[in-house]
Amino acid sequence: MAQRPGSDAPHHGDGHSAGDGGAYVLSGHYEPPPPPERPASVRAPRRRRRLPRWAWIAIIVAAVALLVAGIGLAVALVMNGVQALTARPPGVGTAFVAPAESKAARAVAEGGSADELAAAEYLASQPTAYWLTPEQDPIGEVGERVLNIAHEARESDTAMAVVVYGLPGRDCGNHSAGGLDEADYETWTTEIGTALRSVPDVKKVVIVEPDSLALAPQCGNVDERVAQLRGALGRLTGTDTWVYVDGGHSNWLGADAMAELVRQVAISGVRGFVTNVSNFNDTYDEFAYAHALSDRLGGMHALVDTSRNGAGAPGDGEWCNPPGRTVGDPSGTFGDDVVDTNLWIKPPGESDGPCNGGPDAGVWWPAGAIELTRGVAP
């Protein structure tokens, strides 16, 4: 069994030898040691009597029947599509695509100083979720964006990860305010879901509306928000698509309150929840929080955002472009029986908002990218 945070580190992607000669492999599964060899002193079993001819005929007939049944099952699996053959949730070692459409990649193309280019090139090469927003990928264009990312994932034999971020009343009017009205949001998420379902051969991770649930009590719109999210989730689920809803983070709502919010939107087809999105909390703290939520949600799974938590959270509780932060462990490094894996969800280098010297929320910030990658970018 993989280790849990709190007392021990979460399971890392490297293999570790066990004391009895077994081993923990990449996925966290324990493989026992091989059985001991039979001592030379043990006599070989006595030769059994030969089966009569009628018994051999019966065995052959049964074998032919099993072969025919096996062929039929294989044909049925192929006819029913790739879901039965490829549907595995993300986990430790999952390779995610680094989207060519990312703002880091665009910054590389636009050029800059040597330090700015080094930071942008490093971040553009890292597997990171792509944020679908109506401001950047509006109705009529968002489906094509999804298909482009899916094509990149297929060509690189990786999984794709996207964040859906266009909810009405988004961010309760804070730095990331915006979103669509009810009717347009339904149209927009329908286009996203249609595009996702059109690429069943690609593994898809979909993070739905970060902060939407954790902010709802503060915004005073829990019932409205739950209804909006349940509708969106129904439009986004599909074949080989692993959907996660907002789970806040370890320094926000308590586990009881957050679990109750998640419970209200967790329709069929939802894999789990995400924690620490756009935040800086230590990975161990987030694993512990994910386990606390999962315990209250019947074993629901989680993803943890480690894109900017390399230096941990600032002591003053600042969340908007706090200085001194660094990128965290790369996507697919950690996981256990609750946390499927960690993932870079908030793209490092994009501002949290006009605070601590940063531009508007979501805008590429070269100085911020340089600081986040100090010590790792060439």
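If you read the sequence from its start, that first residue is 1, and numbering goes on from there.
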Asker: Between Pro210 and Val164, which heavy-atom pair has the shortest distance, and what is it?
Answerer: CD-O, 4.1 Å

Asker: Kindly say whether Asn321 contributes a backbone atom to a donor-acceptor pair with the side chain of Trp365 at under 3.5 angstrom?
Answerer: no

Asker: Are the side chain of Asn342 and the backbone of Thr333 linked by a donor-acceptor contact shorter than 3.5 Å?
Answerer: yes

Asker: Any non-hydrogen side-chain atom of Arg308 less than 4.5 Å from a side-chain atom of Asp352?
Answerer: yes

Asker: Other members of the hydrophobic cluster containing Val376, with the 4.5 Å side-chain heavy-atom rule, please.
Answerer: Tyr122, Leu123, Val327, Trp344, Trp364, Leu372

Asker: Just how far is it from atom CG of Leu343 to atom CG of Leu303, taken to the nearest 0.5 Å?
Answerer: 6.0 Å

Asker: More than 12 non-hydrogen atoms from neighbouring residues, nucleotides or ligands closer than 6.0 Å to CG on Asp316, yes or no?
Answerer: yes

Asker: Would you name the heavy atoms of Asp336 and His291 that are closest together and state the gap between them?
Answerer: OD2-NE2, 2.7 Å

Asker: Ignoring hydrogens and angles, tell me if any N or O in the side chain of Arg325 forms a donor-acceptor pair with the backbone of Pro323 under 3.5 Å.
Answerer: yes

Asker: Taking the side chain from Arg170 and the backbone from Leu167, do they hold a donor-acceptor pair closer than 3.5 Å?
Answerer: no

Asker: Should Asp256 and Glu260 count as side-chain neighbours, where that means a heavy-atom distance under 4.5 Å?
Answerer: no

Asker: What's the separation between atom CG in Asn279 and atom CG in Asn309, rounded to the nearest 0.5 Å?
Answerer: 9.0 Å

Asker: So, does Lys203 use its side chain to make a donor-acceptor pair with the main chain of Arg88 at under 3.5 Å?
Answerer: yes

Asker: How long is the gap from CD on Glu116 to OG1 on Thr373, to the nearest 0.5 Å?
Answerer: 11.0 Å

Asker: So which atom in Val202 and which in Ala150 form the shortest heavy-atom distance, rounded to 0.1 Å?
Answerer: CG2-O, 3.8 Å

Asker: Are any of the side-chain heavy atoms of Phe96 and Val205 separated by less than 4.5 Å?
Answerer: yes

Asker: Considering the options Val245, Val262, Leu293, which one meets the side chain to side chain contact (heavy atoms under 4.5 Å, CB included) requirement together with Met300?
Answerer: Val262

Asker: Do Asp360 and Ser351 pass the side-chain contact (heavy atoms from CB on, under 4.5 Å) test, and can you show the C-alpha distance, the side-chain angles, and the key distance before you say yes or no?
Answerer: CA-CA 6 Å; Asp360 289 342; Ser351 175; over 6 Å; no

Asker: Apply side-chain contact (heavy atoms from CB on, under 4.5 Å) to residues Glu141 and Glu191 and explain how you reach the verdict.
Answerer: CA-CA 9 Å; Glu141 298 179 18; Glu191 288 187 13; over 6 Å; no

Asker: What do you reckon, is CD of Glu144 surrounded by more than 12 foreign heavy atoms closer than 6.0 Å?
Answerer: no

Asker: If you group Ile, Leu, Val, Met, Phe, Trp and Tyr whenever their side-chain heavy atoms sit less than 4.5 Å apart, what else falls in with Ile370?
Answerer: none

Asker: Working to the nearest 0.5 Å, report the span between CD of Gln136 and OH of Tyr165.
Answerer: 13.5 Å

Asker: How close do Leu117 and Gly112 get, heavy atom to heavy atom, and via which atoms?
Answerer: CD1-O, 3.7 Å

Asker: Give me the one residue out of Asn281, Asp305, Asp285 that meets side chain to side chain donor-acceptor pair (under 3.5 Å) with His249.
Answerer: Asn281

Asker: Determine, stepwise, if the pair Asp329 / Phe334 fulfils side-chain contact (heavy atoms from CB on, under 4.5 Å).
Answerer: CA-CA 8 Å; Asp329 291 293; Phe334 295 102; 3.1 Å; yes

Asker: On a heavy-atom basis, which atom in Leu213 and which in Leu261 lie closest, and how many Å separate them?
Answerer: O-CD1, 3.3 Å

Asker: Calculate, to the nearest 0.5 Å, the distance between atoms CD and CD belonging to Glu152 and Glu155 respectively.
Answerer: 9.5 Å

Asker: Minimum heavy-atom separation for Asn276 and Phe280, please, with both atom names.
Answerer: OD1-N, 3.7 Å

Asker: Establish whether Val226 and Leu215 are linked, either directly or via other cluster members, by ILVMFWY side-chain heavy-atom contacts under 4.5 Å.
Answerer: yes

Asker: Would you say that more than 12 heavy atoms from the other residues, nucleotides or ligands in this model lie under 6.0 Å from the CG of Asp157, or not?
Answerer: no

Asker: How long is the straight-line distance from CG of Leu132 back to OG1 of Thr189, given to the nearest 0.5 Å?
Answerer: 11.5 Å

